[in-house]
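Here is the naming used below: chain letters follow the sequence lines, and residue numbers restart at 1 for every chain.
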Amino acid sequence: MVKPKVLIITGYGFNCEKETEFAFRLAGGEPEQVHLNDLLLGEKSMDEYHIMAFVGGFSFGDHISAGKVVANKFKYNLEKSLQKFISDGKLIIGICNGFQVMTKLGILPGLNGDYRNQKVTLTMNDSGHYEDRWVHLTVNKKSNCVFTRGIDMMYLPVRHGEGKFYTEDEDVILSLFRNNQVVLQFIDPRDGLPTSEYPYNPNGSIEAITGICDPTGRIFGLMPHPEAYWSPFNHPNWVRLKIDNKLPEEGQGIKIFRNAVNFVKETF
Amino acid sequence: MAYRIEVIYKNNVLDPTGEGVKKSIKNFLHLGVDSVKTKQVYTIDAELTPEELELVKEEIFTDPVIQESSIGQFYFTDFDWLIEVGFKPGVTDNVGKTSKIAIEDVIRRKLKKEEGVYTSTQYLFRGGNLKERDIIRIANEFLSNSLIHRITVMSREKWFQQGISVEIPKIKGKQDVKVMEFDLNIPDDKLMALNRERTLALNLNELYVIRDYFKNPEVVKERKKFDLSDKPTDVELEAIAQTWSEHCKHKIFNSFITYKDSEKTIHINSLFNSYIKKATEEIGKEKDWLVSVFHDNAGVIKFNEKYNLVYKVETHNSPSALEPYGGAITGIVGVNRDPMGTGLGAELLINVWGYCFGSPFYDRKIPEGLLHPMRIREGVHKGVIDGGNQSGIPYGRGWEFFDERYIGKPLVFCGTVGLLPQKIKGKPSHIKTVDPGDLIIMAGGKIGKDGIHGATFSSEELHKDSPVQAVQIGDPITQKKMYDFLIEARNLGLYKCITDNGAGGLSSSVGEMAQFSNGCELHLEKAPLKYEGLQPWEILLSEAQERMTLAVSPDKMDEFLKLAEKREVEVTILGKFTDSGKFHVLYDNKTVAYIDIDFFHNGLPRMKLEAKWERKKFDEPQLPDSIDIGTVMKDMLGRLNICSNETKCRIYDHEVKGLSVIKPFIGVEGDTPADAVIFMPEPGARDGIVLAEGKNPSYSDIDTYYMVASAIDEAIRRIISAGGNPEYIAGLDNFCWPDPVQSEKTPDGHYKLAQLVRANMALYDYCKAFKVPCISGKDSMKNDSIFEGKKISIPPTLLFSAAGKIEDYSKAVTLDVKKPGDLIYVLGKTYDETGASEYFRYIGEKLRGKPYIGNKIPKVNAQSAFKLYKKLNQAIKKELLRSSHTPVLGGLGIGFAKIAFGGNLGIEIDLSKVPRKDISRDDIILFSESNSRFIVTVAPDKKSEFEKIMEDVDYAEVGKVIPEKKIKIKGLNGNIILDEEISILKECWKKTFKEL
């Protein structure tokens, strides 16, 4: 069985590489941090890896539009290897800034096999500012998303200024729902239903969407940070969970990374 | 050729920036409009083909899902007025910088050095019947700052007629390089005139010493070899003035002081040596974890077997008063470089911030040259938010304190905790070396006129004509790139010494490092410039951000340069370190400065100052016989210094890196501020770093001795409350004072200096008593402003930051009550200590329209407090507590409310049971701010074990947690004095800053 090799892209203001690496390691993967320039200069190749992670952060300071500048770096320099990576059936996850890169690069949502043109966007929160808060999420169990297998609900932090999932094209939204590509939605914890109400939906995302995958389920982007809940002690109320003897063995976010690692072990 | 690209949101898409402006101008300026739309404008100054231009517009600047764009003006006409805000020439334009990189990627070729992109934002207002003067107010008082911005205001009609022309805010015109000499053999008044003209911030005596140095025959002889005369050059004079500034040399803290009070006269040979350093040295004999204190950019302590901890807190007050956003972002990215430049360079782990402002609701006229406190607050928050978030560093602690005396001079504290592996490539990481022959390297950003005279400027009071160059805007992304590169280079062992370029620029950084090898040879013409026309002295002194200076040995140079190139970080060899004993600076191979290293660093004469202390007497309030505690509680909860500022805090990232264990806001709804925060040092660790701070500037009105005692105690008990080890706490002292040097401008200097002396006495006494060494500190000594012709001085302010340790963070405790039926205890005694309290301020404002101060200031009995802290820690280690909170401003009353808010459960309290001395009033028990107290809850089955530990300290069971969501308090006479829903009280506490 292969040891799943994970490419974690760093540099230019990405900043969640360390905890993402740690989360993949806890999940049984073999992660490696690689500076984006080492890919651009050809010193490293995507080909060597099974999973690629676009991590959270502020690549180029979110200047112009979050994720845009890095998206163009890929589009204009690494397009071939990227498309090969996808067609090889390998996995890609984009978290927060990584998700922004992926939508602007067009590799998500990948409708009708189009991994090149931008169809949806992640734009400025309705509040007009960044926000760090934990949110309740429902997971679409009908989705074939590899990363969320066996997960019903999640509680994770969002930390972004441009996380509002948006498109005006209703066909795109319909397709996403029809194909079960909508993976994560913000919910109101009081009734468990997707919501547009602040702060449960912290950014105004349409249909409360905050995580989508491509039709194959192998490419996944989400605004919340699963790597920020790698430890049970990351939970904002772990002290209370502990008193109730409900403190989990590991942070809930690890499941996402373990699903990816296991998929590679089973497939490659 | 210059092109303009305009980008606008599509018709149906929400424009949050525009909406925000609409809301804010309604709140701040009381101007209502129907709509505000924004356009992003990119002015491209580069040779592009029409195809390239189109590509750039589509591929980079337009999000096809939500935006539309045009080359030239976008034809959107649904507005009455427009304001366009761009930067002035030379001001850092971060988005512009990124845009240039983005263009190069897409057109697949490099642009020329002088080509670039300049950004601006256009705001389009419709409705509201705005007049031209309203629009100008919006532009000037809200959207722009004339120090850094250029604005265009236009009506729709005018826009139709002439449109907006394409302008490039580029610095033009080349100046010839010129080095001037100064004859210092001139009368005193002329010397002082020169001092003012060049913002040297030196005194006469210091100028004499400089004059005499350059007349010294030995010096004259040596300088002659390099074609220098017996007169200092501008490079020399400026470099000495920066190095000798209050900011860099802490002249007041190192002066000779004669202190007198009613009982005694004391002669003090340096406050720093006699109190701060002395306490730390004495404590250091008992603690084995002090690694490097006082001599590097930040203090270093041993955290565990693998890591050392590095911690530094700085202030960035004056720049934040002039340009809040720029000043504050520079403050945070600036202090990040301190740990980065400590030892061989620490990894940046946690940021902290704290601000002192005038009331944001100040409703009188603000004098010319000052900004409204609301605007300062907004800008400062945004600056530190952008700086911290974009650097990927979570904040741990954040606080605000309000007092009208900060209106002319806000205080902006920014700090950073770093982590340093004890060994790097087998060598102790806290040790720096520089050998003669090592190369002087500058890494990071380029040099411009930004921040020139920062060190001397901050050593003066703020006035209307304060130098504009002092304003800078930090660039977190350039710094992040540099930081990532430096950590890689550090781990490869590619450099030997590193320090940051902060105040004084290269003059300070190279000057400091030259002390290791005893000399340097610095070639200024090699320095990379943002634009032409800088004089040598400006290159030397520029405080342009995002730069580090390093010493690299010649055999590592190739590898170092190669890595830098790969990481796209600009590095330049500026010369070499020598053992000549000289600070030797050249421009185009001609010597422009040649100063003895020893004179440069140690030649500064020490001041002799006087301090006289006289205790002031204040009115004691006549408290009404009966007070409605319900009303008081609601009012107190909404007060600026007590209410919740969660809205702002959530805009800061507090958990990137995934190391956060106890977050800044906790409780069932995550909305109650924690006493202290806890972070793991690295993923997988079990031990935690505990951070907290103490400050209470109000107490300075009565006595700075107890202001400091209280600040130290508060910081420590916060750490203890969360579960920190009482034997492992390190402190940082940040003094912000009004000018304490007696002069015509400061007729009360003797008193202010006495306040400083007393503060230091307390620092020594209490650090010693609690065995908390100060590992780093900073002072900012000129926090005065001129306000309507009158001088306003800030209240003397000490921020005492503390870093502690919890061996096993799974035992940490938070303040929120957990279960109905749990018993509530108060630990520590309550005294009638309401002097300078929030309660007295409130009562005064209510009864007579201005605060009462009173005289009974909270004191600290360190001996009994320390005993209690150890006991409490014992109880926490045995996991006997369900919650723990240490009350601060507003005393037990506010403390009770917070523990209930956090748990979203009710509490029942009997005030007659609270351990106290000589108090017969309910309000005094509730709102006295006595130090060294805790409110804890204990599960009933742990009661006896807990009480056994507490046996011989002051403590009492005062009530219990109840399921009903109410706070019920029984007064001394047995009557219920408060019976209120938690949700109603919480709303009072949240509403003040709910939208702000």
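- With a 4.5 Å cut-off on non-hydrogen atoms, B:Ala939 does not touch chain A at all.
- Looking only at heavy-atom pairs under 4.5 Å with chain B, the residue among A:Val172, A:Val69, A:Leu36 that has the most is A:Val69.
- The line from CZ of B:Arg650 to OG of A:Ser127 is 13.0 Å long, rounded to the nearest 0.5 Å.
- Residue B:Ile678 does not touch chain A at all, counting heavy-atom pairs closer than 4.5 Å.
- Heavy atoms closer than 4.5 Å to chain B are found in both the backbone and the side chain of A:Arg133.
- In this structure, A:Arg159 and B:Asp653 have side chains that are in contact, with non-hydrogen atoms separated by less than 4.5 Å.
- Counting heavy atoms from C-beta on, the side chains of B:Glu565 and A:Leu41 never come closer than 4.5 Å.
- Contact count versus chain A (heavy atoms, under 4.5 Å) is highest, among B:Ile666, B:Asn389, B:Val813, for B:Asn389.
- Contact of B:Val7 with chain A is not made at all, since no heavy-atom distance falls under 4.5 Å.
- Expressed to the nearest 0.5 Å, how far OG1 of B:Thr814 lies from CH2 of A:Trp238 amounts to 8.0 Å.
- The contact between A:Thr167 and chain B is made by backbone and side chain atoms together, counting heavy-atom distances below 4.5 Å.
- Contact of B:Thr62 with chain A is made through the backbone alone, with heavy-atom distances under 4.5 Å.
- For a residue to count as touching a neighbouring chain, one of its non-hydrogen atoms must lie under 4.5 Å from one of that chain's; by this rule B:Asp484 touches chain A with the side chain only.
- Within the 4.5 Å cutoff, no side-chain heavy atoms of B:Pro16 are placed close to those of A:Asn125.
- With a 4.5 Å cut-off on non-hydrogen atoms, B:Glu19 does not touch chain A at all.
- The minimum heavy-atom distance linking B:Ile477 with A:Phe58 is given by the pair CD1-O, 3.3 Å.
- From A:Phe60, atom CZ reaches atom CG of B:Asn94 across 12.5 Å, with rounding to the nearest 0.5 Å.
- In this structure, OG1 in B:Thr98 is found 10.0 Å from CG in A:Asp62, a value given to the nearest 0.5 Å.
- With hydrogens and angles disregarded, a donor-acceptor distance shorter than 3.5 Å links the side chain of A:Asn72 to the backbone of B:Glu59.
- Proximity to chain A (any heavy atom under 4.5 Å) is shown, for B:Ser810, by both the backbone and the side chain.
- Contacts between B:Tyr395 and chain A at a heavy-atom distance below 4.5 Å are absent for every atom of the residue.
- A donor-acceptor pair under 3.5 Å links the side-chain atoms of A:Asn234 to the main chain of B:Gly658, judged by distance alone.
- There is no contact between A:His160 and chain B, counting heavy-atom distances below 4.5 Å.
- Residues B:Lys819 and A:Asp244 are paired through a salt bridge, judged by an N-O separation under 4.0 Å between the basic side chain and the carboxylate.
- With values rounded to the nearest 0.5 angstrom, A:Lys18 atom NZ is found 4.5 Å from B:Glu347 atom CD.
- Distance CD1/B:Ile60 to NZ/A:Lys68: 8.5 Å, rounded to 0.5 Å.
- Between chain B and the residues A:Ala228, A:Pro157, A:Gly251, A:Ser65, the most heavy-atom pairs under 4.5 angstrom are made by A:Pro157.
- Only the side chain of A:Phe22 comes within less than 4.5 Å of a heavy atom in chain B; its backbone stays farther off.
- Among B:Gly684, B:Gly670, B:Ala102, B:Ser883, the residue making the largest number of heavy-atom pairs under 4.5 Å with chain A is B:Gly684.
- By number of non-hydrogen pairs under 4.5 angstrom with chain A, the leading residue of B:Lys657, B:Met680, B:Glu682 is B:Lys657.
- Contact of A:Lys119 with chain B is made through the backbone alone, with heavy-atom distances under 4.5 Å.
- Top candidate by heavy-atom pairs under 4.5 Å with chain B, chosen from A:Leu40, A:Asp38, A:Ile64, A:Asp126, is A:Ile64.
- In this structure, A:Thr123 and B:Leu14 have side chains that are not in contact, with every pair of non-hydrogen atoms separated by 4.5 Å or more.
- Contacts between B:Pro683 and chain A at a heavy-atom distance below 4.5 Å involve backbone atoms as well as side-chain atoms.
- Proximity of a side-chain donor or acceptor of B:Arg882 to a complementary backbone N or O of A:Ile243 within less than 3.5 Å is not detected.
- In this structure, the portion of A:Asn237 lying under 4.5 Å from any heavy atom of chain B is its side chain and not its backbone.
- In this structure, the portions of B:Tyr809 lying under 4.5 Å from any heavy atom of chain A include both its backbone and its side chain.
- In this structure, A:Tyr229 and B:Glu655 have side chains that are not in contact, with every pair of non-hydrogen atoms separated by 4.5 Å or more.
- In this structure, no portion of B:Gln67 lies under 4.5 Å from any heavy atom of chain A.
- The candidate with the highest count of non-hydrogen atom pairs below 4.5 Å against chain A, out of B:Lys480, B:Lys663, B:Lys10, B:Gln479, is B:Lys663.
- Residue A:Val70 does not touch chain B at all, counting heavy-atom pairs closer than 4.5 Å.
- If you measure heavy-atom distances from B:Lys481 to chain A, the contacts under 4.5 Å come from the side chain alone.
- Heavy atoms of B:Val21 lying under 4.5 Å from chain A are absent altogether.
- In terms of heavy-atom pairs under 4.5 angstrom with chain A, the leader among B:Gln40, B:Glu879, B:Glu568, B:Lys23 is B:Glu568.
- Between B:Tyr652 and A:Asp132, every side-chain heavy-atom pair lies at or beyond the 4.5 Å cut-off.
- Between chain B and the residues A:Glu227, A:His235, A:Lys242, the most heavy-atom pairs under 4.5 angstrom are made by A:Lys242.
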Using the rule given for side-chain contact (heavy atoms from CB on, under 4.5 Å), can you reason through B:Lys566 versus A:Glu43, listing the C-alpha separation, both sets of side-chain angles and the distance that settles it, and then say yes or no?
CA-CA 10 Å; B:Lys566 257 181 19 183; A:Glu43 296 195 0; 3.0 Å; yes
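- For B:Asn12, the parts sitting under 4.5 Å from any heavy atom of chain A are the backbone and the side chain alike.
- When all heavy atoms of A:Tyr76 and B:Arg108 are compared, the pair lying nearest together is O-NH1, 2.6 Å.
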